[in-house]
Amino acid sequence: MSAETGIGAAVKRREDLRFITGRGTYTDDLNVPGQTYGVFLRSPYARAKINAIDAADALQVDGALAVFTGQDAAVDGLGDLPCGWLVKSKDGSDMVSAPHPPLAVSQVNYVGEPYGLVVAESLAAAREAAELVAADFEELTPVVAAAEAAKASPIHEGLEANLAYDWELGDEAATDAALAAAAHVTRLDLTNNRLIPNAIEPRAALATFDPTSGEYELRTTSQNPHLERLVLSAFVQIAPEHKLRVVAPDVGGGFGSKIFVYAEETVVTWAAAKVGRPIKWTAERSESFLADAHARDHVTHAELGLDEAGRFTALKVRTTANLGAYLSLFGSSVPTFLYGTLLAGQYKTPNIHVQTHGVYTNTTPVDAYRGAGRPEATFVVERIVEAAARETGRDPAELRRLNMIEPGDFPYETPVALVYDTGNYQASLDRALQLVDYGGFKQRRAASEAEGKRRGIGFSCYIEACGLAPSQLAIQLGAGVGLYESGEIRINPTGSVTVFTGSHSHGQGHETTFAQVVSDKLGVPFDDVEVVHGDTGRVEFGLGTYGSRSLAVGGSALISAADKIIAKGTRIAAHMMQAEPDNVAFEEGAFISGNQRLTLQEVAFASYVPADYPPDLEPGLSEKAFYDPENFTYPAGAHIAEVEVDEATGVVQLVNFVAVDDFGHVINPMIVDGQVHGGLAQGAGQALLEHGIYDADGQLTTGSYMDYCMPRADDVPDFTVDTTVTPCTHNPLGAKGCGEAGAIGSPAAIINAVTDAVGTEDIAMPATPEQVWRKLHGL
Amino acid sequence: MNPFNYHKPSTLAEAVALHRDAEDPAYLSGGHTLLPTMTQRLAAPSDLIDLEGLAELTGIAAEDGTLSIGAFTRHAEAAASAEVAGTLPALAELAEGIGDAQVRNRGTIGGSLANSDPAADYPAAVLALNAVIHTDRRQIAADDYFRGLFETALEEGEIITRIDFAIPSRAAYEKFPNPASRYATAGVMVADFNGTVRVGVTGAGPCGCRAHAFEAALSAHLDPAALDAAELPAIDFNSDLHASAEYRAHLVRVLAQRATARLVAAP
């Protein structure tokens, strides 16, 4: 296939013309005849009883159409928002789920929780009416801090405690014994700061209902429209799946926050039938801060045992994970199966035990966000390994190398339930050390010191489990759905190709990458391949995009579908060439038998105009496939950060960052670099800038960009990124996934560099200037 | 945003009259504080009087040791002005560091001073450069202008027309931006008038203020080390998520020392 557009080519993203020139079509850009506007009533309190809601004055506003409350939804039998992953406590009991009505009925449990919807002819009228709704709240004492939540009185009526589960993984007795016998034990207390996602496009929904057909259509900002439809049908019971179409048009970033099925699109869809008019809702930024699922928020104690030679003997981890006020769609799985399973990292640590207490607090629900559990795991492993190197006087790179799983060890089964299929961690580390010029660090440090700045270097050799996920394994572990992906390839009668994928692109560039894969596989021109996604009315089924799964799982489904196209095409071509199918080869877009040659285009035409055609074959050339992975994929890499710390002010400047990642085979290196850059910037944001903070009353004090600090271009250096390649052994592309690596590996590397510079392990994320200044000067 | 009447007068007198006659009026300059509060429905003026059309509020001129800047001068204009760069490069640098490009393209010096946000940059310059605030009805000395949190000497309906800055022999501005908003967590301008030093501070307290002890120390000995033990301004230092009062006070000293170092090193 063409070297300019095939697998491995840095093709410019075809979607960028519309994105960069402002011609994308996002949910809020859509308008339909008769459209009305929705504004949600949101709790001003972290915890309060709802005594009464009086909408009489609101309904007097010119243009106001309706006010719906949780009571109205309950009367209509609207189901609760479900959590899609059942986690069991170590005693075998199911996690404790607090009921999560789409609109709060009798009690609100976090600031921003919706308790009503106002619908009006205009947005202005809806806002004015919303201000006139009189809600009588009775404030209750909130529980805000995760560390104290388990002991505090339960926030939910009917639940015995705020502990949703007490989960464990690994062998506790063996881990304790190994720690007791260790030559050295490093102990570390860590917090993983709460983050707020901040996709550039706020969430939005536009719902319509056709009373003549009974069909609903929901256009919304979703990373997985089929899953949205499944939940709204099966759990919330708005409409059966065949009467509900969910479309995710252009979506401006998600980072996980648009995986989940939220109250807003649920209520708007239900209400569209109630008012008999389409309803549009678009979040304001301040609503996004309050109502998009938050991220991370762990408190952890970890202990790492080493023998005399520096080999890791045991890792024990105790984590309290703040789940927020309710279990969001995948909130339960993030601090358990996506976290505890990754604690082996790249190392041969023989004994690992992890315990996670998932707790309810009166804060916004917490769920998956770029990396989802794996950044938290990497932060624990790579912070404590770095601390252990310092405590035992070893070079941090060499201590890692000493403990790494070696290329000959694969497949490698960890003590925390994963089997790594392949990797070469030493190769990534070696390349990163070379790119960062590790030998020259002392000189760079001296140069910084001459300018009144301390310089530090920090490492992070991360691993992630991506390509979610083998369905049976996931379901066995508690997932409510399979995690395969679907793909369909239609060769049109004239030979152009329409590809349907259940993956969803919200910035990842699938329209380009998937076209490269199909064009390469089928030997058709790149420009002849169109990729369709994000519409339950056009794509058969799909599980969407998250967990760096789209290429490894969705891309593999397209390879399976292409194989079926080639198989059928071979039979058609064999008939046309009067050859045996076994003697027909498919090469570079053509079926070849001896000196005869038929292009895919000619075969496609014959399949739709079957004049000379195999009698036992159906006409047409369109094939579907579902691909279910046999294992996770295991991208891994070595990240090295260098920082300068201003002694007088405590300001940390990230001055150098090297990332060497192993994503297996890469389809489009330019897109992969972009994914890594974005992830690294997010990781730098977590390490140095971003912090979702609640005060003691449960008010979000970082509810706008005045106080919540997103990384900007001048906060990060020019990244040095490179890749090493060990192809994934179990998918046809040999691809592992690249979307989250930057955000997974970088926070630990940056904080390791800051702690190196400052000379204490006691630096919390984000490493704000004042905190660092206090540590520097012992204040 | 609630409905309001919009006016765009073409003379200062017309603007003042509109303000006098309206029920609950507000002047609109850059709008960077007013419009967000209106869209959040926290402010609902009956009448917006847009000052963009007033010729009396425009123009930048330097003569006789004074740099005069019209109140409607946008931050980007001040930053790019040859007059400002030629006479008061520290002021051009200050203007260039306000907010971001969008803010600088809308926000005005008069609007900023009338609002007197405690974390705005210009107050440090107004105080250090002994500016005179001209209004439609009088002149106000810098030292009399800032009164408290969002409080100034301006009377109801009074419009700033221009700001006259005294041109020093040299000056330097150092700012510690809030990492999120990029407002000044603290900002200090040090200006040397032939050996007499003035120090203006912003971001640290409820409004801009001078650091008198710093001025005395630097007037005696223009050296960063002269500030090592000098007394900080006697104000209630602000404390927020991003900087405690203790840290802010420390920053004021560090910034003053850095500004002094730059000023001394300047050719």
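Since the structure is predicted, the reported quantities are computational estimates derived from the model, not experimental observations. Numbered from 1 within each chain, the chains take letters A, B, ... in sequence-line order.
Residue-environment remark: CG (B:L42) exceeds the threshold of 12 foreign heavy atoms within 6.0 Å. Around atom CG of A:D62, no more than 12 heavy atoms belonging to other residues, nucleotides or ligands sit under 6.0 Å away. For CD of A:E449, the number of neighbouring non-hydrogen atoms (other residues, nucleotides, ligands) closer than 6.0 Å is greater than 12. No more than 12 heavy atoms of other residues, nucleotides or ligands sit less than 6.0 Å from atom CG of B:D236.
Atoms CG and NE2, on A:D707 and B:H242 in that order, are 4.0 Å from each other to the nearest 0.5 Å. Taking NE2 of A:H691 as the start and CG of B:L241 as the end, the distance is 9.5 Å to the nearest 0.5 Å. In this structure, the separation between OG1 on A:T768 and OH on B:Y247 is 7.5 Å, given to the nearest 0.5 Å. Atom CZ of B:R182 is separated from atom CG of A:D714 by 4.5 Å, given to the nearest 0.5 angstrom.
Taking the charged nitrogens against the carboxylate oxygens, B:R248 and A:E770 have no contact shorter than 4.0 Å, which rules out a salt bridge.
Only the side chain of A:I693 comes within contact range of chain B, with at least one heavy atom under 4.5 Å from a heavy atom of that chain. Looking at B:S244, both its backbone and its side chain come within 4.5 Å of chain A, counting heavy atoms on both sides.
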Margin query: Applying side chain to side chain contact (heavy atoms under 4.5 Å, CB included) to A:R127 and B:M1, what does each step give before you reach the verdict?
Written below: CA-CA 9 Å; A:R127 283 188 182 139; B:M1 196 180 280; over 6 Å; no
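Donor-acceptor pairing under 3.5 Å is lacking for the side chains of A:T649 and B:R258.
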